[in-house]
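Have a look at the structure below before the remarks.
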Amino acid sequence: MIVKTIDAKTFKKMFLAGAACIEAKKEYINELNVFPVPDGDTGTNMTLTIMAAVKEVNSLNNPSIEELSKAISGGSLRGARGNSGVILSQLFRGFTKEIRNYDELNVAVITNGLKKAVETAYRAVMKPKEGTILTVARGAAEKAAELALKTDDLVYFCQEVIAHMEDVLARTPDMLPVLKEAQVVDSGGQGLLEIVKGAYAALLGKEITPVATNIEEKSVTGINIERVAQEDIKFGYCTEFIIMVEKEYNLGTEQEFKSYLESIGDSIVVVSDEDIVKVHVHTNDPGLAIQKALTYGSLTNMKIDNMREEHNEKVIKDAQKAANEADMAAKDDTNKPVEEKPRKKAGFIAVSMGEGLDEIFTGLGVDYIIEGGQTMNPSTEDMLNAIDQVNADNIFILPNNSNIILTAEQAKQLTEDKNIIVIPSKTVPQGITAIINFVYDKSPEENAERMTEEMNRVKSGQVTYAIRDTVIDGREIKQGNIMGLGDKTIHCVGDDIKKTTIELISSLVDDESELISLYYGVGVTDEEADEICDELVNLYPDLDVEVHYGGQPIYYYLLSVE
């Protein structure tokens, strides 16, 4: 069988088949974890991302490749969930941008599309990690470029590209030690491979059962390996701006600019879209970044946050709590006219995962709660809907999970009429500390600095269970073991929830500690939480100990030491 071109009808079938294949394999992909903890769902996130695009595609009648491209790009961008979903949406964005002007696709067009997809995805990630979905995608693009010089047969072309992707995926454990230790391949790369395999099957004429667009968002186990670790602040100024390109700006120019930013700072994002370049960098000299950017064009949307300035005031926002309750009541009564409240200077959105935690955030003045977290990451569209509901000039988003930060950043880039500030909180305790340290009479920049700095002082922990046997950091872990997790590693493993929790807290307490906070989940009784509280009071009589009902699933305890 030889196929040399793909028309719009076939391309649509291939895309839908790819979506069906990853949906069928999402649970398997979820099991490919760096740690055996339900802390991110790569398969589910990628499935929900592509299904948002499927919904857009299915709404089109006899679409052209251009119409399909816009639906895939726009749908996946708004539906992106978690780091893996955001990266997948960027792969789609780059690929479709390259192919949209063609009536038919051939080897050359697809090769160029794959190249553009990889360029777009790598540019969207602050610190690309090899051994992830990015590596597998790049392998596909490189193999495609090699084959494009040898064949015009799409069947042979796809077969060889897939074989190379499988080889690259098999080598991901050699690139990321955590994968090798856990004896798994990269979950995001596996998800991408399943999509491509499904598309290839459709090209061969195989019938792939379509999937419904209203996929149930189940709580599943799994960890997203592409989690981008947030580092301690080394550079004092968070600098953001948009370049309106007026001079030559190509891939070489962008790489030169990116290299320059790396020489003066970190936390770099450079995303190009035609004649606009979005720039984010942490640096000790914002002027240098601005001067360099001005060599490419004029600047707009400039924002510089001093991330080292300290403040000592504490916020009390009971009035906002009442306003939030009124908003919720209005949303429950769809027949009741809603009176829009005056636009505020600042508003807050938080991702939460339990009724007790919801109440805590609401009591601290959060305007909108997005249900989500470790077992179900909200999408970019969820974030955008929340932003629409908050009538404020400046909106602070607390992701409270490392796998949701990139989604929040993507929502920020898609918002034009409000100033969105993403506070990169990786845990619920960090989010709580961040909002407590908001001060109303300070600027958004000053508050972003204060909130980020104060939350980074918090030592967070989680107590959960292992979902399978594995070895992490040389520590043997059995399915069902109770684990005490810190911000970056596993601190302890045991068979008893109480003992493991105490041991975890003891590993976090130091001479400067003043407060221990525990938030217990649905698997813990009030009595059990009180017992741990009493023991902590006896162990640390000079420290304040507080216990709250969090109502979170999966984790027995979320905790912090300050």
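All residue numbers in this chain count up from 1 along the given sequence.
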- Check salt bridge (charged side-chain N to carboxylate O under 4.0 Å, His left out) between Lys13 and all other residues, then give those that pass, not counting sequence neighbours. none
- Message: Please identify which of these residues, Leu192, Ile195, Leu193, meets the side chain to side chain contact (heavy atoms under 4.5 Å, CB included) condition with Ile22.
- Response: Ile195
- Using the six-membered ring of Tyr296, assess whether NZ or CZ of Lys247 lies under 6.0 Å from its centre and within 45 degrees of the ring axis. no
- Message: Suppose we screen for salt bridge (charged side-chain N to carboxylate O under 4.0 Å, His left out). Which residues come up paired with Glu181, at least two apart in sequence or across chains?
- Response: none
- Query: Atom CG in Leu398, atom CD1 in Ile349: separation rounded to 0.5 Å?
  - Reply: 9.0 Å
- residues 9-30 vs ring-ring contact (aromatic ring centres under 6.0 Å, His included), sequence neighbours excluded, gives Phe15-Phe92
- Item | Listed partners of Arg100 passing side-chain hydrogen bond (donor to acceptor under 3.5 Å, both in side chains), at least two apart | none
- Look up atom CG in Asp285 and atom CD1 in Ile264, then write down how far apart they are to the nearest 0.5 Å. 7.0 Å
- Task: Would you sort out whether Met383 and Val351 count as a side-chain contact (heavy atoms from CB on, under 4.5 Å), showing the intermediate values?
- Result: CA-CA 9 Å; Met383 290 283 183; Val351 179; 4.0 Å; yes
- Message: Would Tyr368 and Ile395 count as a side-chain contact (heavy atoms from CB on, under 4.5 Å) here? Give the steps.
- Response: CA-CA 10 Å; Tyr368 195 99; Ile395 299 177; over 6 Å; no
- Message: Please enumerate all residues that pass salt bridge (charged side-chain N to carboxylate O under 4.0 Å, His left out) together with Lys4, with sequence neighbours excluded.
- Response: Asp152
- Is it the case that more than 12 heavy atoms not belonging to Tyr156 sit under 6.0 Å from its OH atom? no
- Query: Looking only at side chains, do Asp382 and Ser379 share a donor and an acceptor under 3.5 Å apart?
  - Reply: yes
- Taking the side chain as C-beta and beyond, is there a heavy-atom pair between Ser69 and Ile72 under 4.5 Å? no
- Item | Partners passing salt bridge (charged side-chain N to carboxylate O under 4.0 Å, His left out) against Lys116 (at least two apart in sequence or in another chain) | none
- Message: Check this for me: Asp103, atom CG, are more than 12 non-hydrogen atoms of other residues, nucleotides or ligands nearer than 6.0 Å?
- Response: no
- Task: Kindly check if the number of other-residue, nucleotide or ligand heavy atoms within 6.0 Å of CZ (Phe257) is above 12?
- Result: yes
- Task: For residues 41-73, pull every pair meeting ring-ring contact (aromatic ring centres under 6.0 Å, His included), keeping only residues two or more places apart or in separate chains.
- Result: none
- Note on the structure: Applied to residues 376-421, the ring-ring contact (aromatic ring centres under 6.0 Å, His included) test, sequence neighbours excluded, yields Phe348-Phe396, Phe396-Phe438
- Query: Taking C-beta and beyond as the side chain, do Pro399 and Val422 meet within less than 4.5 Å on heavy atoms?
  - Reply: yes
- Query: Any side-chain donor paired with an acceptor under 3.5 Å for Asn391 and Arg343?
  - Reply: yes
- Query: Under 3.5 Å, is there a donor-acceptor pair between the Asn106 and Glu104 side chains?
  - Reply: no
- Message: Taking side-chain contact (heavy atoms from CB on, under 4.5 Å) as the definition, give me every residue that meets it alongside Pro63, ordered by chain and number, with sequence neighbours left out.
- Response: Lys12, Leu60, Glu67, Leu68
Could you pull out every donor-acceptor pair under 3.5 Å between side chains of residues 138-146 and any protein atom, sequence neighbours left out?
unit_1 : atom_1 : unit_2 : atom_2 : d
Arg138 : NE     : Glu142 : OE2    : 3.3
Arg138 : NH1    : Tyr122 : OH     : 2.7
Arg138 : NH1    : Glu130 : OE1    : 2.8
Arg138 : NH1    : Glu130 : OE2    : 3.1
Lys143 : NZ     : Glu146 : OE2    : 3.3
Glu146 : OE2    : Lys150 : NZ     : 3.4

- Message: For Lys70, I'd like to know if atom NZ has over 12 heavy atoms of other residues, nucleotides or ligands within 6.0 Å.
- Response: no
- Would you please say whether a donor-acceptor pair under 3.5 Å links the side chains of Thr132 and Asp186? no
- Item | Ser89 and Ser76: side chain donor to acceptor below 3.5 Å | no
- Message: I'd like to check the side-chain contact (heavy atoms from CB on, under 4.5 Å) partners of Val196; sequence neighbours left out, ordered by chain and number.
- Response: Ile162, Met165
- Message: Rounded at 0.5 Å granularity, tell me how far OG1 in Thr452 sits from CD in Gln430.
- Response: 9.5 Å
- Under the side-chain hydrogen bond (donor to acceptor under 3.5 Å, both in side chains) test, which residues partner Thr415, sequence neighbours left out? none
